[in-house]
*Asks:* 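Sharing a structure below in structure tokens format, with a few things to ask.
Values in this document were obtained by computation on a predicted structure and should not be read as measured data. The figures here come from the full heavy-atom set of this structure, side chains too, leaving out hydrogens, waters and symmetry mates.
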Amino acid sequence: MNVSIAASRLQGTGANALELDNVGRHFGALVALSGVSMKIRAGERRAVLGSNGAGKTTLFNAITGDFLPSFGRIRFFGEEITHLPAHERIRRGLRRTYQISQLFTNLSIRDSVYLACRGVTNNRFSLLRPSPSDGAMAQAESIIHAVHLDGEAGLLVGTLSHGQQRQLEIALALAGAPRFILFDEPAAGLSPTERRDLIAILNALPGHIGYIIIEHDLDVALRVSEYVSMMHNGSLFKEGTPEEIENDPQVQEIYLGGGHG
Amino acid sequence: MSLVETQRTEKLRGSGWRELVTPAHGLLLLFLLVYPAMASDFFLTQIGGYSLILGMIALSLMLLAGYGGMVSLAQITIAGAAAYVIAIFGENNSGVHGFAWPWWVITPMAILFASVLSAAFGWVAVRTEGIYTIMITLAIATACFYFTQQNYALFNGFPGYSGLRAPEVFGLYWRDPVPFYYLCLANAVVAYAAVLYGARSTFGLTLQAVRDNPRRMRAIGYNVTAHKVFAWWLSGLIAGAAGVLLAWFNGRISPGSIAVGPAINILIIAIIGGLRHPVGPFIGAVVVVLIQTFAIDLVGAERFNTLIGLFFLAVVFLSPDGILGLWERVKPRPDRDAWGPGPERSGVRE
């Protein structure tokens, strides 16, 4: 299938995009993440499910360096990134979106996406204005088009609707040739139409870009992923294909009954 | 629709300087250029030159606060550092140091030293946010004040240095009223235009984005600390240049020039003028200098600070965006020139 084709496109390194080795995080006495190990192939699309407080977002924060893990090791395409600052991980091709939109409210969409494209290039301190022929500017326009925000490109982010802000969140993650993306509940608060748009955008991503998606909406999650990891109380407790997970009685109990497995 | 928008965008994004060439700028510059023909020496130097100098120092604060969200109380300290370099390495009549190096050596040296010092201050301060940035820069400014006041070996302590002289170049003594005014004007225009242009440069955009959301900036690959420190370095260049002019203007530099009072004065100037546009600090400087100069005639020497305080209260009460904000309220067109060309409102989804 297209995943293996995509993997071979990466010069046959056969490397995993992401390897987590017993990654954990505690806040004082609270253990938010109690040792998660995971291997995700390049180009793989995986969903992480779990009830609130299961540690999904904490896992993302540890991977992207929003805060460092308390223990464990993280490797990204074979490179140890456990102790790298967040921006260094991004420059290696890792991207993320946030559950609650983290945007630049006083900038326009175009400028926001332009900055996201420039973030992984040289000369970020340039005191010259970007020229319309700037490569990053052209890339920004095509990404804005990909997330269907063409008509609004010049608007200030603070004036956008919630749905448009969610689209921009995704645009920022797509900028600058990502290799792997972490989507944190991208469908939260979207209308049914916007959800369909979102699924179309995710399915239209180039094959070499893998991702992990956190999603409460099983319909969305199972339609955009090929493998599913279930988390509960800060650790992984089940992995499988979408069909296996959907029909698993334990999963159904946690999702429908709110019990403790 | 999309064609119209594209053309509009090209114009707004205009990578050149064209955006700066507006009728308002033209009229203002014309007035400032012919001002010496109307003004007495006193109005030329004590009001005109001094306002431009204080305006530049406040502009260096506006750069940090308006675009970067970092309110600093140490800008006068940075300007003072440049002035001390001029005093120590140039000529003074205090009998301490005064190496009498030529002006074309000490001037760039002073500005460079001030900018590096500013970056160092910034490197300490960027670890904090909001009110804590104000507090830590106040602490730095206060520490520098006491250090210069108590250190005689380097800073000649309480009396500081006097007898600083502006250079004589091209047969002109640059502290004479007319040359000095034009020197200040040239510096202020360059600083103002650079800030206005730079606000929409790649770095200008990154700085505003860091102000809006540092966490997101990290998550798209930016080293937030480095970008903030670079902004401090740039603001140090402006404050440093103003500091050199201040040294020549006063003919002296002493701890009193960099005390807490003058430090807060810069913040008051910036806030009275407005932090939303680089012209704000200059408006604030003219207003404050006029009040400081003439309040004594109105209310007597003991009460002039009360008048400034009341005026400050009135401005902040009526318009949180300073005098600029008042203008924005009454000016005919609703779209505000906030951070540059302003929001485009042509987007209609097709």
*Asks:* Residues in ring-ring contact (aromatic ring centres under 6.0 Å, His included) with A/F27, at least two apart?
*Replies:*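 Scan of A/F27 (ring-ring contact (aromatic ring centres under 6.0 Å, His included), adjacent residues dropped) gives A/F67.
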
*Asks:* Spell out the residues in residues 54-66 of chain A that have some non-hydrogen atom less than 4.5 Å away from a non-hydrogen atom of chain B, in order of number; otherwise answer 'none'.
*Replies:*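 Within residues 54-66 of chain A, the residues under 4.5 Å from chain B are A/N61, A/D66.
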
*Asks:* Can you tell me how far the CG atom of B/N213 sits from the OG atom of A/S101, to the nearest 0.5 Å?
*Replies:*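 Taking CG in B/N213 and OG in A/S101, the distance rounds to 10.0 Å.
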
*Asks:* Do B/Y222 and A/R124 come close enough that some side-chain heavy atom pair is under 4.5 Å?
*Replies:*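 Side chain of B/Y222 against side chain of A/R124, heavy atoms only: contact under 4.5 Å found.
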
*Asks:* Do other residues, nucleotides or ligands put more than 12 heavy atoms under 6.0 Å from the CD atom of A/E79?
*Replies:*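 Atom CD in A/E79 is crowded, with more than 12 foreign heavy atoms closer than 6.0 Å.
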
*Asks:* So do B/D212 and A/L107 actually touch side chain to side chain, heavy atoms under 4.5 Å?
*Replies:*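 They are in contact (side-chain heavy atoms under 4.5 Å apart), so the answer is yes.
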
*Asks:* Tell me if the NE2 atom of A/H145 is crowded by more than 12 foreign heavy atoms within 6.0 Å.
*Replies:*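 Atom NE2 in A/H145 is not crowded, with 12 or fewer foreign heavy atoms closer than 6.0 Å.
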
*Asks:* What part of B/A226 gets closer than 4.5 Å to chain A, counting heavy atoms only: side chain, backbone, both or neither?
*Replies:*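 Looking at B/A226, backbone and side chain both touch chain A.
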
*Asks:* Counting N and O atoms only, with roles assigned by atom type, does the side chain of B/R216 sit under 3.5 Å from a partner on the main chain of A/Q102, one being a donor and the other an acceptor?
*Replies:*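 A pair under 3.5 Å: yes.
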
*Asks:* Take a 6.0 Å sphere around CG of A/N122 and say whether it holds more than 12 heavy atoms from other residues, nucleotides or ligands.
*Replies:*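 No, because the 6.0 Å sphere around CG of A/N122 holds 12 heavy atoms or fewer from other groups.
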
*Asks:* Give me the contact list for residues 227-239 of chain B versus chain A, heavy atoms only, anything under 4.5 Å, ordered by residue number.
*Replies:*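 Within residues 227-239 of chain B, the residues under 4.5 Å from chain A are B/H227, B/F230, B/L234.
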
*Asks:* Is any side-chain heavy atom of A/L128 closer than 4.5 Å to one of B/T202?
*Replies:*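 Contact flag for B/T202/A/L128 side chains = no.
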
*Asks:* Pull out the residues in residues 87-97 of chain A that come under 4.5 Å of chain B, heavy atom to heavy atom, sorted by number.
*Replies:*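 Against chain B, the residues of residues 87-97 of chain A that fall inside the cut-off (heavy atoms, under 4.5 Å) are A/H87, A/I90, A/R91, A/R96, A/T97.
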
*Asks:* How about B/L318: does its CG atom have over 12 heavy atoms from other parts shown lying under 6.0 Å from it?
*Replies:*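 More than 12 within 6.0 Å, yes.
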
*Asks:* Answer yes or no: is there a side-chain heavy-atom contact under 4.5 Å between A/F104 and B/V210?
*Replies:*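 Not in contact.
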
*Asks:* Just by distance, do the side chain of A/R129 and the backbone of B/Y197 share a donor-acceptor pair under 3.5 Å?
*Replies:*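 Such a contact is found between A/R129 side chain and B/Y197 backbone.
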
*Asks:* What I'd like to find out is whether the side chain of A/D111 reaches to under 4.5 Å of the side chain of B/R200, using heavy atoms alone.
*Replies:*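 The answer is yes, as the side chains (C-beta and beyond) meet within the 4.5 Å cut-off.
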
*Asks:* With chain B, which of A/S112, A/A175, A/S126, A/P178 has the greatest number of heavy-atom pairs at distances under 4.5 Å?
*Replies:*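 With the most close heavy-atom pairs to chain B, the winner is A/S126.
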
